[in-house]
Q: 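Structure provided below as structure tokens; questions to follow.
Since the model is a prediction, treat every value here as computed from it, not as a measurement.
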Amino acid sequence: QAQLIESGGGLVQPAGSLKLSCTTSGRLFSVEAVGWFRQVPGQERKFVARIYRSKVADYADAVKGRFTISRDNAKSTVYLQMNNLQPEDTAAYYCFDFGSLYWGQGTQVTVSS
């Protein structure tokens with residue numbers, strides 16, 4: 001059974017940076033896309049970014065120019081570099097495999113002074 005294991009969340013001040021990681025195990029890394037979503041309590045989970053095996057990527061408008069998604073196929077890992085973080089970026093961030101339709105367990109990102 002596939003597993004997606006996220007890490008890298010935490011507390012950061014406004015304008016700060018964090019880098020999230022999502023490592024898959026138990027199966028071949030997705031032949032399709034792997035992405036990140038985020039969710040605030042009481043709201044629906046929202047798309048953040050996605051990267052295909054070819055390394056073509058797309059982003060939500062809210063994070064364009066600040067977040068960068070990348071992947072290391074050899075390590076079966078996807079990264080989300082988040083720069084210039086703002087309080088509205090506070091959320092639980094989830095990794096999602098578009099091939100297997102599995103979700104990770106989530107990692108909390110809190111942006112606060």
Q: In terms of ring plane angle, is the pair Phe37 and Phe96 parallel, tilted or perpendicular, where the classes change at 30° and 60°?
A: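 The arrangement is perpendicular - the two ring planes meet at more than 60°.
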Q: What distance separates Gln86 CD from Asn84 CG, expressed to the nearest 0.5 Å?
A: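 Taking CD in Gln86 and CG in Asn84, the distance rounds to 4.5 Å.
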Q: Kindly check if the number of other-residue, nucleotide or ligand heavy atoms within 6.0 Å of CD (Glu88) is above 12?
A: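 More than 12 heavy atoms, drawn from other residues, nucleotides or ligands, come within 6.0 Å of this atom.
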Q: Do Val48 and Met82 make a side-chain contact, defined as non-hydrogen atoms from C-beta onward lying under 4.5 Å apart?
A: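 When only atoms from C-beta onward are counted, Met82 and Val48 do not touch, as no gap falls below 4.5 Å.
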Q: One pair to check against side-chain hydrogen bond (donor to acceptor under 3.5 Å, both in side chains): Thr110 and Thr90. What are the steps and the verdict?
A: CA-CA 5 Å; Thr110 302; Thr90 296; 5.3 Å; no
Q: How long is the span from the OG atom in Ser21 to the CZ atom in Arg71, to the nearest 0.5 Å?
A: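 Reported value, rounded in 0.5 Å steps: 14.0 Å.
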Q: Picking from Ile69, Asp72, Asn73, what satisfies side chain to side chain contact (heavy atoms under 4.5 Å, CB included) with Val78?
A: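 With Val78 as partner, side chain to side chain contact (heavy atoms under 4.5 Å, CB included) holds for just one option, Ile69.
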Q: Mind checking the NZ-CD spacing from Lys46 to Gln39? Nearest 0.5 Å is all I need.
A: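 Rounded to the nearest 0.5 Å, the NZ-CD separation comes out at 10.0 Å.
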Q: For the residue pair Trp103 and Cys95, establish whether any side-chain heavy-atom pair is separated by less than 4.5 Å.
A: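 Result no, sub-4.5 Å side-chain heavy-atom pair not found.
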Q: Considering only heavy atoms from C-beta outward, does the side chain of Tyr94 approach that of Leu20 to under 4.5 Å?
A: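 Result no, sub-4.5 Å side-chain heavy-atom pair not found.
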Q: If we ignore hydrogens and angles and just use 3.5 Å, is the side chain of Glu6 paired with the main-chain N or O of Gly106 as donor and acceptor?
A: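 Yes, the answer is positive, given that a donor and an acceptor are paired below the 3.5 Å cut-off.
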Q: Going from OG1 on Thr107 to CG on Leu18, what distance comes out if it is rounded to the nearest 0.5 angstrom?
A: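 Between Thr107 OG1 and Leu18 CG, I get 8.5 Å after rounding to 0.5 Å.
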Q: Search all heavy atoms of Ala91 against all heavy atoms of Val40 and return the closest pair with its distance.
A: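 Ala91 and Val40 have their closest heavy atoms at CB-CG2, 4.0 Å.
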Q: Find the distance between SG (Cys22) and CG (Asp97) and round it off to the nearest 0.5 Å.
A: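 CG of Asp97 is found 8.0 Å from SG of Cys22.
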Q: Name all pairs fulfilling the side-chain hydrogen bond (donor to acceptor under 3.5 Å, both in side chains) condition that reach into residues 57-67, sequence neighbours left out, sorted by first residue then second.
A: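 Listed once each, the pairs are Arg50-Asp58, Asp61-Lys64, Arg66-Asp89.
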